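Data block below; observations after.
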Protein chains: 2
Amino acid sequence: MTRTPIWQSIATSLRSAIAEGHYSAGEKLPTEAALSERFGVNRHTVRHAIRHLADEGLVHARRGAGVFVLARPLDYPLSERVRFHQNLLAAGRLPEKSVLSVEVHAAAEDDARRLKIAPGDPLAVSYSLSFADGTPVALAESRFPEVRHPGLADALRRESGVSKALAAVGVEDYVRASTRLSATSATATQALHLQLREGAPLLLAESISVAGDGLPIEHGQTWFASERITLTLDY
Amino acid sequence: MTRTPIWQSIATSLRSAIAEGHYSAGEKLPTEAALSERFGVNRHTVRHAIRHLADEGLVHARRGAGVFVLARPLDYPLSERVRFHQNLLAAGRLPEKSVLSVEVHAAAEDDARRLKIAPGDPLAVSYSLSFADGTPVALAESRFPEVRHPGLADALRRESGVSKALAAVGVEDYVRASTRLSATSATATQALHLQLREGAPLLLAESISVAGDGLPIEHGQTWFASERITLTLDY
DNA sequence: GTGTATGATATGTCTAGTTGTATAGTTGCT
DNA sequence: AGCAACTATACAACTAGACATATCATACAC
C-alpha cells in the first residue's frame, strides 16, 4: 500500500483549516511560497493541493493576486430557494449588488431600437456584480434610456439598487416584459468576476423591462454562475 | 492548453464595443481606472489591451487626456443570431421528436420522491431527441410513473408525442408544475446527439408536470443546444 | 476679456510581489 | 525499466502601489 501523497495531506490540512474558520470566505490564503515553506515542500506540491481544492470548488486562485476562499454554495431548502428566486425573477434584483461602472454614451442602432429611442441619444450603461453570501453569482450589463430620464446615470451610480435609481428619476413602476434564456461559456473576464474557470457554463438571461407608460426602461443581460444558482419557475 | 490571456479578452470586448458603435469615432473611451473596475482587473492589464488596440490603429491614447477612438470599422462580423425562438412552455414538446429509447425499471429513491411513488415501483424512462428544421435542438430524459399508468411505456414507444401517449393511458390533462433552469457543458454523448462539440454550453431545464388529479405525471430533464435555441418568457 | 495659477484627473513608467506554465532532474517503489 | 511523486529553476502573466507627467476645467487677478 502506498502512503498518502504529501499533496493530499496538505489539501486535507488546508481544507480543515478552512472548515474550522481559520480562513473564511473571501479571505486570501497565505501565498504559495509561504505555504511551501510552512509545509517544508516545493511550491509545486502546494500548487497540486490547491488545484485539488479549486476543483472541489472550495477556493479560487487569481493569477498575481492570490488564492481566495469561496463560500460553499448553500443548499437552500426548496421552499426558501423558490422564494429567493421568485423574488429574483419578479424584481430583477439581488441582494448585495455592487455597481462596477456606469457609462453614458450615444446609443447604437441596436440598443436604440430595443429601447425605442433614436440612435445617438444618450444611453446609460451599467455594469454590476451580484453576490450571495459574499460569493459572486451574477454579472449584469444593463442599458437605460438616459435621454428620457436625465440624471438616471448619476442615480445609478448613487443608489444601491436599480429600483431606487429609477424611482429617483420618477419611474415608480416597471415590469419585466420579456426574458430570453440561453447558455454560454464564461469568457476570461466573466470568469474573473464570477470567480470561475474560463469556459464554465453560464446561464444568460436577456430581458426587457417596461415602465408604467409602456415605454422600455431597461434592456439588460445577466450572466448567472450556474454552479451556484438555479432559476426556478412556478406556475 | 494556455487559456486566452485576460488582456486579449478585454481587447476583444472593447473592439467589438467600438465595432457595434457603443463608442464612436472621436469619442473618448472610459478612463483606464474605470475600465479596470468594470473588468475587475488591474489597470496594467487594461493598458495592455489598449496598447494592443492602439497598435491595430483603432484607438489613440493621449497622456492626461484619455483614449480616443480613431476609426470605426465599416462592419464587423456580426455573429448572426439565427436562433430559433421557442416558447418556454413548449419545452420538451418540440415538433419532430424522435424517441431514442424507452426503458422500464425500478424507481430509485430520488425519482420516487419526485413522482410520489414508492422506491422500487415500475418507472418508465424515455430518452428523446427533438429537431427543428432537421437540426437537433434538444435532448430529453423523462421519467413517468409507470406504476400508476400501466402500458405507458408501450404507448410512449408507439406514439409520436408525449401528449398522445399520456392520452392513451387515460391522462387527458396535465400541466407543468415547476421548472428549474441552469447551464451545463455538453458531455461527449450529448454533443454527439446534438451535433455540437464537447463542452458546448447547454441550457438545462428540469421540470415536473402534474396530471389533473394533482399527482406528478412526468419528471424530466431537457438539454437545449443554446447555440440554436433561445427560450423566451413573456409576461 | 485675457492670462495665469491651481487642483483634479488622466496616461506613462517603475518596482516588487504572486500565481501560471514549461522543462528538466531526482527519488522511491514495483 | 517504468512509473509516480516530488524537486529545482526559469519565465510569463497579472496584481499592487507609488510616482512622474500631461491635460483640462475652474477660479482668480488684472
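No experiment lies behind these values; they were computed from the predicted model shown.
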Sub-4.5 Å side-chain heavy-atom contact between A:His193 and A:Gln190: no
Integer-rounded Å distance: C:dT9 P and B:Leu29 CG: 19 Å
Touch class at under 4.0 angstrom, heavy-atom based, for A:Ile50 against every strand present: nothing
B:Thr4/A:Glu198 under side-chain hydrogen bond (donor to acceptor under 3.5 Å, both in side chains): CA gap, chis, key distance, verdict: CA-CA 9 Å; B:Thr4 58; A:Glu198 181 181 354; 2.8 Å; yes
Atom pair distance, as rounded to whole Å: NE2 in A:His48 and P in C:dG20: 14 Å
Gap between atoms CD1 and P, on B:Ile6 and C:dG20 respectively (whole Å): 10 Å
Under-4.0 Å side-chain N/O to phosphate OP1/OP2 contact, B:Arg47 with C:dG12: yes
A:Arg63 CZ - D:dC14 P separation (whole Å): 6 Å
Parallel, tilted or perpendicular: ring planes of B:Trp7 versus B:His48, cut at 30 and 60 degrees: parallel
Phosphate OP1/OP2 of D:dC14 contacted by B:Trp7 side-chain N/O (<4.0 Å): yes
Rounded distance (nearest 0.5 Å) linking atom CZ of A:Arg47 with atom OG of A:Ser36: 11.5 Å
Enclosure of A:Glu109 CD (heavy-atom neighbours >12, cutoff 6.0 Å): no
Nucleotide C:dG20, atom P - distance to NE2 of A:His60 in whole Å: 9 Å
Length of the line joining A:Glu198:CD and C:dT21:P, which is rounded to integer Å: 11 Å
Neighbour count >12 (heavy atoms, 6.0 Å) for atom CD, A:Glu37: no
Those residues of residues 35-45 of chain A lying under 4.0 Å from DNA chain C by at least one heavy atom: A:Arg43, A:His44
Heavy-atom check, side chain of B:Glu56 versus side chain of B:His52, under 4.5 Å: yes
Between P of C:dT18 and CZ of A:Arg51, the distance in whole Å: 22 Å
Separation of C:dT21 P from A:Arg62 CZ (nearest whole Å): 15 Å
